[in-house]
Structures are given as structure tokens and as C-alpha cells.
Amino acid sequence: MAAFRLFDLNPEQERAVRTTDGPLLILAGAGSGKTRVITARAAFLISRGTAPENILAVTFTNKAAKEMRGRLATMIDPEQAKRTVMSTFHALCVRILRQDIERLGYKRNFSIYDEGDTTGLIKKIITRTAARDEKLEAGLAKNLISKAKNTGWREPADDKTLIGAVYARYNQELKNLNAVDFDDLLLLTVRLLGEHGEVRERWQRKFRYIMVDEFQDTNRLQLDLITLLADEKKNVAVVGDDDQSIYGWRGAEASNILEFETHFPNPAVIKLEQNYRSTNFILGTANSLIKNNARRRAKKLWSAKEGGEKVRILAMPDDQQEAALIVGEIHSRKITEGLKWEDFAILFRMNAQSRLFETTFRDMKIPYRVVGGNSFFDSREIKDVLAYAACLMNADDDVSLLRIVNTPARGISDGTVEKATTASIHARCSVFAILRDEEFLATLTARTRGAVEKFTSFLDDMDLKMHEPLANQPGVLRALLTDSGYLTDLQRTCKTPEEWLKREQNIRYLLDDFQSYHDGHGKGLREWLDAMLLRHEREEEKEEEVSGVTLITLHASKGLEFPHVHLIGCEEGVLPHERSKLEGTVDEERRLLYVGITRAKQTLAITWCRNRTKYGSAVSCAPSTFLKELDPDLIERHDGGELLNKPVTQEKATAKFGAILDMLGKL
DNA sequence: AATCGTCTGCTTTTT
DNA sequence: GCAGACGATT
């Protein structure tokens with residue numbers, strides 16, 4: 001291969017790319033080109049003769065992995081790019097576990113349970129375990145269990161506490177179901193690699209160079225995993241920004257990056273401080289805020305982009321007027337400055353804050369998109385389809401089976417299901433096995449027995465068809481949904497034609513996705529199902545088809561950028577959130593605002609309201625204490641109430657009219 | 001089995 | 001203020 005070209009990189013970036021051996025810590029500030037560095041580093045390693053499959057780049061999201069792979073494909077031979085392992089933590093673990101999980105006493109066809117599945121299971125366990133006067137919310141228990149798994153809390157010795165007992169039972173139950181939750185993917189992989197030297201060595205030999213993206217968001221288990229994968233060579237390059245650590249509440253350990261040296265001694269440390277995104281007004285504002293955090297690796301972002309506008313802080317009388325002013329401003333700037341709706345974003349702390357903006361945008365007929373919110377995968381029909389598929393892959397998967405056993409209604413009542421579950425616990429086998437057990441069937445009425453037998457033979461039939469060599473698997477799945485009467489039943493239970501249209505569209509999307517996965521990758525239901533369960537967003541479609549002003553939480557905005565950003569609701573109690581003050585995590589809230597500020601490329605406006613409607617009633621608010629920390633030299637303060645009521649000035653009207661004429665002229 | 005009414009209790013959510 | 005859960009009703 002020709003000599004690798006590095007001329008698009010600045011000196012620090014180039015050093016990060018060329019430092020290939022031994023531990024490396026890259027402190028990459030917001031907008032400093034970290035994705036570029038990771039991909040260039042992979043390309044550089046390959047150009048120097050490293051085989052692509054010996055390079056591992058781990059990310060948190062599928063989107064990031066995909067983006068990296070795409071970029072790498074533009075830098076080197078796409079065939080080689082394809083062979084480079086770029087994967088999320090969870091997908092990597094699935095890959096490892098599908099090969100060797102048998103050593104931990106699970107079967108290789110294990111099911112992966114998502115949040116909803118696990119919460120449901122925990123709920124069931126709580127009702128079975130708790131005494132009359134004991135109460136435990138399933139959601140809370142799920143969080144506690146997740147935290148326990150992620151911080152390495154083993155089986156609690158004291159299962160005298162309800163949560164301890166539920167934890168132990170939950171793990172046992174999962175194992176019986178031959179299922180794992182998201183946390184288990186990491187936990188079991190760490191256990192597998194830790195306890196089985198030959199497996200560990202095999203993977204260590206494979207991954208000679210490891211890179212980790214968003215290292216500030218890794219938790220204890222993820223660090224353990226990386227440590228286990230890196231052999232004594234320790235060719236581990238981590239990229240991250242402690243100032244953008246905003247997932248502490250999900251178990252991310254900022255100490256992983258702050259104390260990197262204790263985990264990997266004598267690392268090379270490289271700081272990327274040149275920002276390619278924002279103006280210096282914006283970066284200076286961000287710097288002035290974040291320097292108030294005590295525990296951080298000092299860095300100062302700078303930009304070659306001079307000029308621009310000062311950052312505006314607007315005080316608004318209430319949230320209604322906040323929405324009115326911002327939406328109005330976006331509307332007029334789009335026209336007068338010839339911008340696109342996509343150039344604007346509205347950032348907020350809580351999802352609930354987007355509501356008012358949504359209605360205001362609708363009223364003004366401005367297109368908008370809400371990022372996040374309810375996921376495609378939370379819809380009933382998608383869960384049902386995936387449950388059908390899961391049943392064919394893992395006969396022990398009771399959770400999926402119970403989901404679809406009487407969906408559509410086929411004469412297997414709750415009572416029958418209850419009876420089957422009890423019998424399965426007694427017989428120590430799966431519910432599916434019980435439904436085929438002659439002894440059990442004999443206890444049923446002739447009618448119920450007929451229904452059960454029809455159901456099991458239907459699934460058997462589908463199972464057979466699905467696993468035939470050269471089967472048209474997407475076709476089988478499609479047939480399953482029709483022949484089971486599922487689709488007809490779904491249509492019947494939809495209240496409006498629009499609802500049916502939406503649900504049907506979702507299913508069609510899902511099946512099309514499987515079809516193209518099957519045709520393109522030549523992979524089967526197993527692999528596709530894994531990918532679906534580890535992917536909670538329909539990235540491609542969402543991003544390309546939908547356009548308009550972006551409405552997004554601060555958390556979800558990390559990694560994105562917009563020319564013009566409005567950061568709303570900067571009030572004490574909202575940002576920082578009331579709860580964070582009680583929990584002592586105000587620093588993380590400050591980082592959250594920092595992330596928000598650094599999303600802006602050209603202009604940034606921060607608003608706060610003197611009054612806000614919270615839970616139905618109006619409360620008065622104070623501006624966020626963070627606003628006092630921002631460098632006053634870089635900021636303009638306005639009273640937004642006045643701006644809103646001020647009559648339109650002559651010059652503004654002329655400008656606007658001129659712009660309209662301009663647009664008409666172009667037509 | 002479906003539907004209606006009342007109660008509750010409120011961040012953020014990469015997989 | 002409103003969604004989501006749960007229990008009582010038909």
C-alpha cells in the first residue's frame with residue numbers, strides 16, 4: 001500500500017495517530033476531531049501492515065460504530081475497512097459469548113432480554129417473593145440490579161433483604177430461561193475471559209490494537225473487559241473527554257479517564273484542544289463554565305474561527321413566551337438569513353420541556369423532529385414480532401413465549417397459562433416443553449387441549465421451515481405473522497385506521513430490514529435478532545427522511561452539532577436539576593450545560609423563565625447559578641419579554657420584505 | 001376480554 | 001397535567 005497520508009491532521013492529531021504501541025490517552029475536547037483520529041489511526045495501522053481483523057474499535061452506539069466504519073472505508077480499501085472490527089461493547093460481547101458461553105453453563109442460543117422483558121420478569125419475581133406488607137417497585141429493583149451488575153456487586157450474601165432475594169432469584173431465573181440481560185452481556189464476558197485463560201488468550205491474540213471511544217462513559221465492567229482483552233502489550237488507545245462525562249448516573253466512572261494511569265501505567269497522553277466546530281465566543285463561554293469543576297483534566301478549547309456573535313442570555317417572563325420568542329425568531333431568521341430548518345436546534349434538560357415547543361411549531365406550520373422519545377422498539381407490534389422470532393431460536397425463552405402464546409387470542413386463557421407456568425416450575429423445564437407434555441395436556445379440557453396442540457404444532461412447523469437449509473427466512477417470518485392470524489388481529493384491535501397504518505408500516509419496516517440483512521449479509525435470523533435487540537433506534541431512516549428544527553435533550557445531543565442552538569429552561573431546579581442538588585451531582589449538571597454550549601457552531605442563545613408551569617401549576621424560578629459563571633465579556637443579556645412585545649422596526653421589516661422578494665425572484 | 005375510572009408520582013436513558 | 005398502572009365493572 002502507498003505511504004499513508006497524514007496531511008489532513010493537525011500536529012497533535014498526527015501524534016495520536018502515530019503513537020501506536022503501549023497505552024495511549026487521548027483527551028479529545030468537544031469538536032476536536034476524535035472520530036477522525038480513531039479512523040485515521042486504524043487506517044495508519046493497516047497501512048503499516050497490521051491485519052484489519054486484529055484491530056478493535058469499541059463504541060457505545062451503533063451509530064458511532066457505523067460512522068467510523070463508513071469513514072474508514074473512504075480512507076482505505078473498503079474490503080479492508082469491512083474486516084476491521086468496529087463494534088459496540090454489547091455487540092462485541094454477544095460475539096464472544098455466542099462462541100464460548102457454554103463454559104458458563106448457558107446454551108449458545110441464549111436470548112437477549114431488553115429493558116421491558118427484564119422489568120416484566122422482575123415484577124413477576126417480586127410478586128412471587130414479597131410478603132404481604134413488603135413493597136418494591138419493579139423499575140426501581142431493575143435499576144438497583146443493573147447498578148449491582150455494573151459495579152461488580154456479586155450475589156448478595158444477605159438475601160434476607162427483599163432486593164437481595166429478588167436479585168438472586170432473577171439471576172437464577174434468567175439462567176433457567178437461557179437468557180441474558182444487557183448487563184449480563186458485559187458481566188458474563190468479563191467472567192468468561194477472567195476464568196478461562198485459553199479463551200482470553202485467543203481473543204487477546206486476535207485484538208492486537210484496541211481503541212475505545214467515549215472512554216469517559218465507560219463503567220467498571222467495560223474497563224475490566226478492556227483490561228482483559230489487552231494482553232501484556234497493552235496497545236490500548238482510549239479517546240474521551242472528562243468534561244463531557246454525563247452518564248455517571250448510569251454507572252459511568254469518570255475515574256476511568258481521570259485515573260487512567262493507575263489502570264494502564266505510563267501512558268502517552270495527548271490533548272486535542274483545537275476545536276473545529278464553534279466560534280471563540282461560544283468556546284470561551286464553555287471554558288469559563290467548565291473551569292468551575294474541580295475534578296477534571298485541565299484543558300482549554302480554542303478555535304481558528306474568529307468573529308461571530310456574542311452568546312445571548314434571554315430572561316423570559318414564562319415558558320409560553322420562551323417558546324413563542326424562540327419559534328418566532330427561528331421563523332424570521334430562516335427567511336431573512338436564508339437558512340434551513342435543519343440549522344436550528346432546541347436543547348433542554350427534560351423531555352417534558354419539548355411539548356410546548358412542539359405545539360408552537362405545529363401552530364406555525366414549522367417542521368420539527370423530536371430526537372429520542374418513544375422508540376420504535378417499544379411499540380407493541382415490534383415486540384410481538386421479535387418475541388415470535390425469539391421463540392423459534394430459543395425454546396427455553398418463556399418470557400417471549402408467554403408474550404405471544406395467546407396473541408392473537410387462540411383459546412389459551414390466562415388460567416391455562418398460569419397452570420402451565422406452575423407445572424413448568426415443578427417439572428424444572430420450559431413452558432414450551434410443558435405445553436407438549438402428555439401428562440400436562442391430559443389435565444386440560446378437550447377444547448383447551450386442542451388449542452394448545454394447534455399452537456405448538458404451528459410453532460414446530462414454523463421452526464422447521466425457518467431452519468431448513470437455504471430457507472427464505474424473511475418469507476417464513478412474514479408467513480408466520482399472516483398464518484398465525486397475528487396481522488388480522490392487530491388490525492382488528494387498532495382503534496383508528498391511522499394507528500393500523502402506523503403499526504403495519506412498522507412491521508413492514510422490520511421485515512424489510514430482515515430481508516435486506518438476509519440478502520446482503522447472507523446472515524440468518526439469529527444474527528439479525530441479535531442486531532435488532534442491541535439497536536434501539538432506527539438511525540438511518542430517522543436521520544435522512546425527517547427534517548426540520550431539532551428538539552433534543554442535552555444528553556442525547558452529545559456528539560451532534562448545529563449552526564444555531566437554543567438552550568432553554570436554564571433555571572435553578574431544572575439545570576441543575578433539583579434532584580442533582582440533593583444527590584450532590586451538580587458537577588455533572590455543569591458538564592451537561594457544557595455539552596449543550598459546545599453543540600453550537602455559529603450562534604447560541606440561552607433562555608430562562610421567571611415563571612414556569614410545572615406539573616400543572618405555575619411556579620416562580622430563579623436563573624441557573626451556572627449563568628453567573630459564564631464570562632460576561634462574551635455575553636449579551638436581554639430581557640426577552642421586551643423583545644417579544646417590541647413592535648417590528650422599520651429596518652427589520654424592510655430586510656424581511658427584501659428577503660421575500662429575493663425568494664420570489666429565484667422562483 | 002375489554003373498557004372505564006381513579007390513583008399516583010414524576011431527570012437524563014448510548015445497549 | 002398527564003401518562004401509566006391497577007382494579008372494578010360490564
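Residue numbers begin at 1 in each chain, while the letters A, B, ... track the order of the sequences.
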Visitor: Take atom CD of A/Glu583 and atom P of B/dC10, then tell me their distance rounded to the nearest Å.
Guide: 12 Å
Visitor: Check every atom of B/dC10, B/dT12, B/dT13 against the side chain of A/Arg579 and return the nucleotide holding the closest atom.
Guide: B/dC10
Visitor: Compile the donor-acceptor pairs under 3.5 Å between side chains in residues 575-584 of chain A and protein atoms, sequence neighbours left out, one pair per line.
Guide:
| unit_1 | atom_1 | unit_2 | atom_2 | d |
| --- | --- | --- | --- | --- |
| A/His577 | ND1 | A/Arg579 | N | 3.1 |
| A/Ser580 | OG | A/His577 | O | 2.7 |
| A/Lys581 | NZ | A/Glu572 | OE2 | 2.9 |

Visitor: Is it true that A/Phe89 and A/Phe60 have ring centroids separated by less than 6.0 Å?
Guide: yes
Visitor: Quick one: A/Glu578 CD to B/dT12 P, roughly how many Å, whole number?
Guide: 15 Å
Visitor: What is the distance, to the nearest angstrom, from the CG atom on A/Asn143 to the P atom on B/dT11?
Guide: 13 Å
Visitor: List the residues meeting salt bridge (charged side-chain N to carboxylate O under 4.0 Å, His left out) with A/Glu214, not counting sequence neighbours, and say none if there are none.
Guide: A/Lys34, A/Lys558
Visitor: Quick test of your reading of the model: are A/Glu67 and A/Arg71 salt-bridged, counting only N-O distances below 4.0 Å?
Guide: yes
Visitor: Nucleotide by nucleotide, 5' to 3', does protein get under 4.0 Å of the base (B), only the sugar-phosphate (S), or neither (-) in nucleotides 1-10 of chain C, counting heavy atoms?
Guide: B-S--S----
Visitor: Centroid distance below 5.5 Å plus an interplanar angle below 30 degrees: do A/Trp249 and B/dT12 meet both conditions?
Guide: yes
Visitor: Rounded to whole angstrom, note down the P distance from C/dG4 over to B/dT13.
Guide: 15 Å
Visitor: What is the distance, rounded to the nearest whole Å, between atom CG of A/Leu140 and atom C1' of B/dC10?
Guide: 14 Å
Visitor: At under 4.0 Å between heavy atoms, what does A/Gln222 touch on the DNA or RNA strands: base, sugar-phosphate, or nothing?
Guide: nothing
Visitor: Taking for each residue the nucleotide of DNA chain B with the nearest heavy atom, is it A/Ile412 or A/Phe182 whose nucleotide lies nearer the 5' end?
Guide: A/Ile412
Visitor: Taking any heavy-atom pair under 4.0 Å as a contact, classify A/Tyr247: base, sugar-phosphate, or nothing.
Guide: base
Visitor: How close or far is atom P of B/dT15 from atom NZ of A/Lys149, stated in whole angstroms?
Guide: 19 Å
Visitor: Roughly how many Å apart are B/dT12 and C/dA5, using the P atom of each and rounding to a whole number?
Guide: 16 Å
Visitor: Counting only side-chain heavy atoms from C-beta out, which of B/dT13, B/dT14, B/dT11 sits nearest to A/Phe60?
Guide: B/dT14
Visitor: Taking ring pair (Phe, Tyr, Trp, His ring centres under 6.0 Å) as the test, write out the residues that go with A/Trp249, two or more places apart.
Guide: A/Tyr247, A/His555
Visitor: So if I take every side-chain heavy atom of A/Asn406 and compare against B/dT15, B/dT13, B/dA1, which nucleotide ends up nearest?
Guide: B/dA1
Visitor: Is the glycosidic angle of B/dT11 within 90° of 0, making it syn, or outside that range, making it anti?
Guide: syn
Visitor: Answer yes or no for this row: A/His90 ring on B/dT15 base, centroids under 5.5 Å, planes under 30°.
Guide: no
Visitor: Heavy atoms under 4.0 Å, any strand shown: does A/Gln353 hit a base, just sugar-phosphate, or nothing?
Guide: nothing
Visitor: I'd like to check the salt bridge (charged side-chain N to carboxylate O under 4.0 Å, His left out) partners of A/Arg526; sequence neighbours left out, ordered by chain and number.
Guide: A/Asp530
Visitor: Indicate whether OP1 or OP2 belonging to B/dT12 is found under 4.0 Å from a side-chain N or O atom of A/Ser580.
Guide: no
Visitor: Write down the distance between CG (A/Asp213) and C1' (B/dT15), rounded to a whole number of angstrom.
Guide: 15 Å
Visitor: Under 3.5 Å, is there any donor-acceptor pair linking the side chain of A/Arg250 to the base of B/dT15?
Guide: yes
Visitor: Within this structure, what is the CD-to-P distance between A/Gln216 and B/dT14, rounded to whole angstrom?
Guide: 16 Å
Visitor: For the side chain of A/Glu589, counting heavy atoms from C-beta on, which of B/dT13, B/dT15, B/dT11 is nearest?
Guide: B/dT11
Visitor: Using a cut-off of strictly less than 4.0 Å, decide whether A/Asn351 has a side-chain nitrogen or oxygen near OP1 or OP2 of B/dT11.
Guide: no
Visitor: OP1 or OP2 of B/dT15 versus the side-chain N and O atoms of A/Asn62: is any pair under 4.0 Å?
Guide: yes
Visitor: Please determine which of A/Val239, A/Ile26, A/Leu223 meets the side-chain contact (heavy atoms from CB on, under 4.5 Å) test together with A/Phe215.
Guide: A/Leu223
Visitor: According to side-chain contact (heavy atoms from CB on, under 4.5 Å), who are the partners of A/Thr448, at least two apart in sequence or on a separate chain?
Guide: A/Thr416, A/Leu444, A/Thr445, A/Val452
Visitor: Which part of the nucleic acid, if any, lies within contact of A/Asp114, taking any heavy atom under 4.0 Å across all strands shown: a base, the sugar-phosphate backbone alone, or nothing?
Guide: nothing
Visitor: Under 3.5 Å, side chain of A/Asp184 to main-chain N/O of A/Leu187, donor-acceptor pair present?
Guide: no
Visitor: Base, sugar-phosphate, or nothing: which does A/Glu115 touch, judged by heavy atoms less than 4.0 Å apart?
Guide: base
Visitor: In this structure, how many angstroms lie between the C1' atom of B/dT15 and the CG atom of A/Leu186, rounded?
Guide: 8 Å
